[in-house]
Amino acid sequence: MDSSAPSHLEQRLTGHLQTLYPKLDASELARNCLTTFHLDANSEPPRPHKNLWDQSDIMLITYADTLRSEESTPLETLHKFVKSNLSESISAVHLLPFFPYSSDDGFSVMDYTTVNPSSGDWTNISNITKDFKVMGDLVINHCSSRSMWFENYKAGVSPGAEYFYETAPQSDLSNVVRPRTSPLLREVQTKNGIKHVWCTFSHDQIDLNFENPEVLLEFLRIIRLYLEKGIRWFRLDAVAFLWKTPGTNCINLPNTHEMIRLLRLMIEHWAPDSVIITETNIPNRENLTYFGNANEAHLIYNFSLPPLLINTLVTGNCSHLKSWLMGMPPAQQGTTYLNFVASHDGIGLRPTEGLLSEWEIDTLIGTMKKFGGKVSSRTTPDGEAKPYEINISLWNALSGSVLHGPDQWQFARFLCAAGVQMALEGVPAFYIHSLFGTENDHERVSNTGQFRSINRHIWQMEELEHALNTNTHHKKVFEAMSRLMKIRRAQAAFHPNATQYVLHMGDELFAFWRQSIDRRQSLFAVYNISDQPQTFNLSELNLIATEDWTDLVSDQRYEDQMAQVTLMPYQFMWLANKTTRPKD
């Protein structure tokens, strides 16, 4: 064999680069990428279709500074709290952007290589990675207008001189899909005269130009730094907008998918246990394309779940949720879904397109407004302002129903949502405020002027500890959520890739069957999603006659498999044969 011949890795990398940069020497660029990433060209590839997760995986989503204490930095405070209170409940921590930033609570990154000093330092991050898997945000579409790169861009010096996407105002931008209402282009005075830079999200978030391979090389350096600090899960923020071509819709373009494949190739050769997650808040059918052929994202966000589940629980009708779930393809081995209901962002409405009618969306919006929520809009290609997301805390979103408004079932409804999220195919991810039942923070909205701040409350540890140790709904929520998570982690039927089959039990009972990969454990998850008691016969579930069946939630055993079961409003059961109880 010719030792000078390119390795298999080099050949694959060169193929991606030829597609992305057809005018450049792809072979030379491939060697440059490998050198920049400190990656041996002869690195062994990971085993394909390998699941890098199991039923014990539950993720916590949090900002680095959500928990604050006078005794330690926010990252130290977070680590101490999670290790002391959640080590038996979660396996992974998604740290939202922890860098110096200028706006958008971290998503306008000024320096990707530095931890925001007000939150802590890289040692704090690495310490968390020793106890939990850590997912870091790769804010890859844009960076801050106050970054060194953008200052250099205006001055015409490197690095940064050609890092940002420019286009002329007269370009055909009529089909560009926008997630915001602000003007797409920002006029900037530079050393080389007036330029117009692309701003998908805000004028403080300037889109990077990946047509310049130097931008790719910069991000390879950043990713390698993350890896060296112990981060193994990578969330590609807003990646659907990465590649721009005027005259198109500038979203989900082929080169965006090609870039994801390239990044995955590099990352998994450096660390075979790494995981790529794409954050693409778009209609369901488009979102599914980010699995590629099991060669792009390992996990995709299940963006349709939050609006559909919340709509189900406030209307008392699961028909849309059931129809959507029936149409979701089982993920291939080595891929799965990330199931969330609440996050640092709002409840996205684009993922409901084709799933809910305009009237149903308007009704949902009106109900959320009555519960204290706000609505953020986007601009459509024809210039129309259209609701983009609902901004509200999950605790408030589930405080009542469409017909009756706030009611006495808030806690039960809230726990029912968590019960669905934990049982579905995929890895569940819980926003930290969902563990506490944190309410709408209207004061923070007033202070920041941003609707999203309503669900970005900052807890002082003294205040939180008091809330979790006294007779509050925060304590009740935290204890119930912790118990359910422990139960979930012990069941083989809840493996993210275990079989799932939707059951038909009417509009008021949402139900599905899970079976472990080895087929030993079967589990029937049945939820009353209405504010009225619902009764069904166990015979509807086709229980294996020779097995003993126990509801993991209530610990009740069912010996009579022809018995009737009545579920109170928002009560649910996880009925399993082979049961494993969590350790006390």
- Message: If we ignore hydrogens and angles and just use 3.5 Å, is the side chain of Thr352 paired with the main-chain N or O of Leu349 as donor and acceptor?
- Response: yes
- Message: For the backbone of Tyr388 and the side chain of Arg350, can you confirm whether one donor and one acceptor N or O come within less than 3.5 Å of each other?
- Response: no
- Carefully, step by step, assess Gln556 and Thr550 under the rule side chain to side chain contact (heavy atoms under 4.5 Å, CB included). CA-CA 6 Å; Gln556 182 173 346; Thr550 302; over 6 Å; no
- Message: If we ignore hydrogens and angles and just use 3.5 Å, is the side chain of Glu279 paired with the main-chain N or O of Val239 as donor and acceptor?
- Response: no
- Are Arg489 and Asp54 ion-paired here, with the side-chain N under 4.0 Å from a carboxylate O? no
- For the residue pair Phe98 and Tyr226, does the interplanar ring angle fall in the parallel (under 30°), tilted (30 to 60°) or perpendicular (over 60°) class? tilted
- Using the test salt bridge (Lys or Arg N to Asp or Glu O under 4.0 Å), find all partners of Glu540 that sit at least two apart in sequence or belong to another chain. none
- Task: Would you please test Thr315 and Asn317 for side chain to side chain donor-acceptor pair (under 3.5 Å) and show each step?
- Result: CA-CA 5 Å; Thr315 62; Asn317 186 311; 5.7 Å; no
- Query: Between the side chains of Thr335 and Gln332, is a donor N or O closer than 3.5 angstrom to an acceptor N or O?
  - Reply: no
- Message: As a quick check of understanding, evaluate side chain to side chain donor-acceptor pair (under 3.5 Å) for Gln521 and Gln491, giving each step before the final call.
- Response: CA-CA 8 Å; Gln521 185 185 38; Gln491 312 310 318; 2.8 Å; yes
- Item | Donor + acceptor pair across side chains of Ser539, Asn537 (<3.5 Å) | no
- Message: Nearest 0.5 Å, please: how far is OG in Ser554 from CZ in Phe572?
- Response: 10.0 Å
- Query: Who pairs with Tyr431 by side-chain hydrogen bond (donor to acceptor under 3.5 Å, both in side chains), at least two apart in sequence or on another chain?
  - Reply: none
- Message: Between His474 (side chain only) and Phe436 (backbone N and O only), is there a donor and an acceptor less than 3.5 Å apart?
- Response: yes
- Query: In terms of heavy-atom contacts, does NZ of Lys476 have more than 12 from other residues, nucleotides or ligands at under 6.0 Å?
  - Reply: no
- Item | Closest heavy-atom pair and its distance - Leu503, Lys322 | O-CD, 3.6 Å
- Message: Taking side-chain hydrogen bond (donor to acceptor under 3.5 Å, both in side chains) as the definition, give me every residue that meets it alongside Asp137, ordered by chain and number, with sequence neighbours left out.
- Response: His94, Arg235
- Find the distance between CD (Gln532) and CE (Met568) and round it off to the nearest 0.5 Å. 9.0 Å
- Determine the minimum heavy-atom distance between Ser56 and Arg488, stating which atoms define it. N-NH1, 4.5 Å
- Query: Hey, does the side chain of Asn295 reach the backbone of Asn293 with a donor-acceptor pair shorter than 3.5 angstrom?
  - Reply: yes
- Task: For ring-ring contact (aromatic ring centres under 6.0 Å, His included), just list the numbers for Phe340 and Phe303, CA-CA rounded to whole Å, side-chain angles, deciding distance to a tenth of an Å, and then say yes or no.
- Result: CA-CA 8 Å; Phe340 73 108; Phe303 271 108; 5.4 Å; yes
- Message: Under the criterion side chain to side chain contact (heavy atoms under 4.5 Å, CB included), I'd like the reasoning laid out for Ile276 against Ile267: C-alpha separation, chi angles, the key distance, then a yes or no.
- Response: CA-CA 9 Å; Ile276 306 294; Ile267 291 170; 3.5 Å; yes
- Measure the OH-CG distance between Tyr337 and Asn287 for me, rounded to the nearest 0.5 Å. 9.0 Å
- What residue pairs, at least two apart or across chains, pass side chain to side chain donor-acceptor pair (under 3.5 Å) with a residue in residues 340-349? Asp345-Arg452, Asp345-Arg456
- Query: Under the 3.5 angstrom rule, does the side chain of Ser516 hit a backbone N or O of Arg520 as a donor-acceptor pair?
  - Reply: yes
- Looking only at non-hydrogen atoms, find the nearest pair between Asn51 and Gly334 and report the distance. OD1-N, 2.7 Å
- Task: Using a cut-off of 6.0 Å, state whether more than 12 heavy atoms not belonging to His442 lie near its atom NE2.
- Result: yes
- Query: So, does Gln571 use its side chain to make a donor-acceptor pair with the main chain of Tyr527 at under 3.5 Å?
  - Reply: no
- Message: Can you confirm if the aromatic rings of Phe494 and Trp574 lie within a centre distance of less than 6.0 Å?
- Response: yes
- Give a yes or no on whether the ring-centroid distance for Phe411 and Trp409 is below 6.0 angstrom. no
- Considering all heavy atoms of both residues, which atom of Ala423 and which atom of Arg514 are nearest to each other, and what is their separation? O-NH1, 2.5 Å
- Between Tyr290 and Asn252, does any side-chain donor sit less than 3.5 Å from a side-chain acceptor? yes
- Query: Is Glu479 paired with Arg483 through a side-chain N to carboxylate O contact shorter than 4.0 Å?
  - Reply: no
- Report the C-alpha distance between Asp507 and Ser319 in whole Å, list the side-chain angles of each, state the deciding distance to 0.1 Å, and finish with yes or no for side chain to side chain donor-acceptor pair (under 3.5 Å). CA-CA 6 Å; Asp507 290 340; Ser319 59; 4.8 Å; no
- Check: Trp395 main-chain N/O paired with Gln410 side-chain donor or acceptor under 3.5 Å: yes
- Query: Out of curiosity, Gln515 CD to Asn577 CG, how far, rounded to the nearest 0.5 Å?
  - Reply: 8.5 Å
- Query: Between the side chains of Glu425 and His495, does any donor sit under 3.5 Å from an acceptor?
  - Reply: no
- Query: His49 side chain to Gln333 main-chain N or O, any donor-acceptor pair under 3.5 Å?
  - Reply: yes
- Taking C-beta and beyond as the side chain, do His269 and Leu265 meet within less than 4.5 Å on heavy atoms? yes
- Using a distance-only test with no angle check, is there a side-chain donor-acceptor pair under 3.5 angstrom linking Asn455 and His433? no
- Stepwise, does the side chain to side chain donor-acceptor pair (under 3.5 Å) test hold for Thr535 with Thr566? CA-CA 4 Å; Thr535 299; Thr566 297; 2.8 Å; yes
- Message: Counting only heavy atoms from other residues, nucleotides and ligands, does the tally under 6.0 Å from CD of Glu559 exceed 12?
- Response: no
- Item | Chi angles and distances behind the side chain to side chain contact (heavy atoms under 4.5 Å, CB included) call for Thr62, Leu78 | CA-CA 9 Å; Thr62 181; Leu78 174 69; 3.7 Å; yes
- Message: Please find the pair of heavy atoms, one from Thr289 and one from Glu286, that lie closest to each other, and give the distance.
- Response: OG1-O, 2.6 Å
- Examine distances only and state if a side-chain atom of Asn85 and a backbone atom of Phe81 form a donor-acceptor pair shorter than 3.5 Å. yes
- Message: Nearest 0.5 Å, please: how far is CG in Leu95 from CG in Asp65?
- Response: 10.5 Å
- Decide whether Asn396 and Ser393 meet the rule of one side-chain donor and one side-chain acceptor closer than 3.5 Å. yes
- Message: If the condition is salt bridge (Lys or Arg N to Asp or Glu O under 4.0 Å), which residues does Asp407 pass it with, not counting sequence neighbours?
- Response: Arg413
- Item | Closest contact, heavy atoms only, Leu538 versus Asp560 | CD1-O, 3.5 Å
Tell me which donor-acceptor pairs under 3.5 Å the side chains of residues 362-376 have, and how far apart each pair is, sequence neighbours excluded?
residue	atom	partner	partner atom	Å
Thr363	OG1	Trp359	O	2.9
Thr367	OG1	Thr363	O	2.9
Ser376	OG	Asn391	OD1	2.7

- Does a donor on one side chain sit under 3.5 Å from an acceptor on the other, for Ser91 and Trp53? no
- Message: With rounding to the nearest 0.5 angstrom, report the OG to CD1 distance, Ser434 to Ile61.
- Response: 8.0 Å
